[in-house]
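Quick note: numbers below take in every heavy atom, side chains included, and nothing from hydrogens, waters or symmetry partners. If you read the sequence from its start, that first residue is 1, and numbering goes on from there. In listed order, ligands and their atoms are each counted from 1.
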Amino acid sequence: MKKIAIIGGDGIGPEVIAEGVRVLAWFRARRGIELDLWHLDLGAERFLRDGTTFPDDVKRAISDECAAVLLGALGDARVPGFEHARDILFGMRFGFDLYANVRPIRALADSLVPLRGRSAKDVDFVVFRENTEGIYAGIGGQLRRGTPDEIAINEDINTRKGVERIVRAAFAYARQNGRQRVHMSDKSNAMRAAHELWQRVFAEVRCEYPEIDAQHLYIDALCYELVRDPSQFDVIVTNNLFGDIVTDLGAALQGGLGVAASVSLNPEHPERVKLFEPVHGSAPKLVGLGQANPVATLLCVALLFEELGFREAAVELETAIAAAVVAGETTPDLAGSLSTRGVTDAVIARFAPG
Ligand code: NAD
Ligand code: IPM
Ligand code: MN
């Protein structure tokens, strides 16, 4: 029995997560996958109601008992300081040391690729985003706040251990998955101290993987090349902030934020809880319209099946999602006319009876 914590979160989070839960429940009922779904009331509503963000006992239970967390999105205009979101999101990414944020960028249909002359076969790579340090580490502060002499600082934290393990994880993934090339991206021309460390580590680790073509691109050039010719990329490894930015760009290449999925995990501890999240946020403008695209969340469920060892279910689900998208059975962001729920119905209708 696998226990899965379910956190809808804010905005469209609960709407898309409800669809993920329907699919999880379908596989439990029809394919005999033993799942214990644990629904958690966490997010902005809860925070505004009673001040709770991410209680220690919940955090411990997730760590001790759960195989996975399925999280919608966090972010609500009524909590401008982002307190609850930081505690929950970083509480899991940092707190469980899930240092690899793996974001596959793959177009499900030719029609989703926005670049002239490009098709789905040109958009198929995986970003390994460092997930526990960098500018996200929260080291910094403000001095003389609100005065003309104000100083605002966030430090970019790069540790030898942190850089080495994410670079190695990217190469190991490439080797295991028959990917030929790893690009490391940094800004070592401007950030001499912090990112020269990435250069040195990359030069060392690549020697352990002589069969992999190891390449470097500065982050600005990477953004340029991703749009110019995405087909040259297999695996990209980069720091926390650049990984965040470049995976929104990647989402645009694969059809939009409505279809971009991710998992955060610790490759040295495959038994540890894994965090599955769509790349998108709480999309406040879409709340309650029934137009939020559930595909990113459904692809997270497919990733979850894959990571938890249910390979057949992962393939069945991903095949059904792709077929629905190719058939144009989508929400308006992909030029379709179905509702959030209607898209999931179209996916479920494609499963073999069981
Ligand atoms: P966003 O991802 O919520 O929205 C960006 C654009 O993509 C909007 O036009 C939105 O309508 C569209 N979009 C997003 N998800 C979609 C979906 N499933 N279907 C169709 N269209 C979709 O980013 P934002 O507007 O910058 O941020 C809104 C809030 O979400 C902020 O509070 C931000 O901090 C938060 N956020 C949270 C996460 C997370 O929890 N992992 C990720 C990104 C942003
Ligand atoms: C993401 C989001 C988060 C991040 C925000 C909400 C802090 O943009 O998961 O991509 O920057 O990691
Ligand atoms: Mn992001």
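- Remark: aromatic rings of Phe242 and His195 are close, center separation under 6.0 Å.
- Of the N and O atoms on the side chains of Asp229 and Ser231, at least one donor lies less than 3.5 Å from an acceptor on the other residue.
- Remark: atom 25 (O) of ligand 1 lies closer than 4.0 Å to no protein heavy atom.
- Using a 4.5 Å cut-off between side-chain heavy atoms of Ile, Leu, Val, Met, Phe, Trp and Tyr, Met191 forms no hydrophobic cluster with any other residue.
- Centroid-to-centroid, the aromatic rings of Phe94 and Tyr136 stay 6.0 Å apart or farther.
- Residue-to-ligand polar distances place Tyr136 within reach of ligand 2: an N/O pair is separated by less than 3.5 Å.
- For the residue pair Thr132 / Arg165, a side-chain donor-acceptor distance below 3.5 Å is found, with atom types taken as modelled.
- Contact analysis leaves Ala296 out of contact with ligand 1, as no non-hydrogen atom separation drops below 4.0 angstrom.
- When only interatomic distances are considered, the shortest N/O to N/O separation between Asn293 and ligand 1 falls below 3.5 Å.
- The distance between the ring centers of Phe202 and Phe171 falls below 6.0 angstrom.
- Taking a cut-off of 2.8 Å, the protein N, O or S atoms nearer than that to the Mn ion (ligand 3) are Asp244 OD1.
- Contact analysis leaves Asp10 out of contact with ligand 1, as no non-hydrogen atom separation drops below 4.0 angstrom.
- Nearest protein neighbour of atom 10 (O) of ligand 2, counting heavy atoms only, is Asp244 OD1, 2.9 Å.
- Ligand 1 has no nitrogen or oxygen under 3.5 angstrom from a nitrogen or oxygen of Gln291.
- Between Glu196 and Ser188, the side chains place no donor N or O within less than 3.5 Å of an acceptor N or O (distance only, hydrogens not considered).
- Contacts between Arg129 and ligand 2 below 4.0 angstrom, taking non-hydrogen atoms only, involve the side chain exclusively.
- Here Arg93 has side-chain heavy atoms under 4.0 Å from ligand 2, and that is the only part of it that gets that close.
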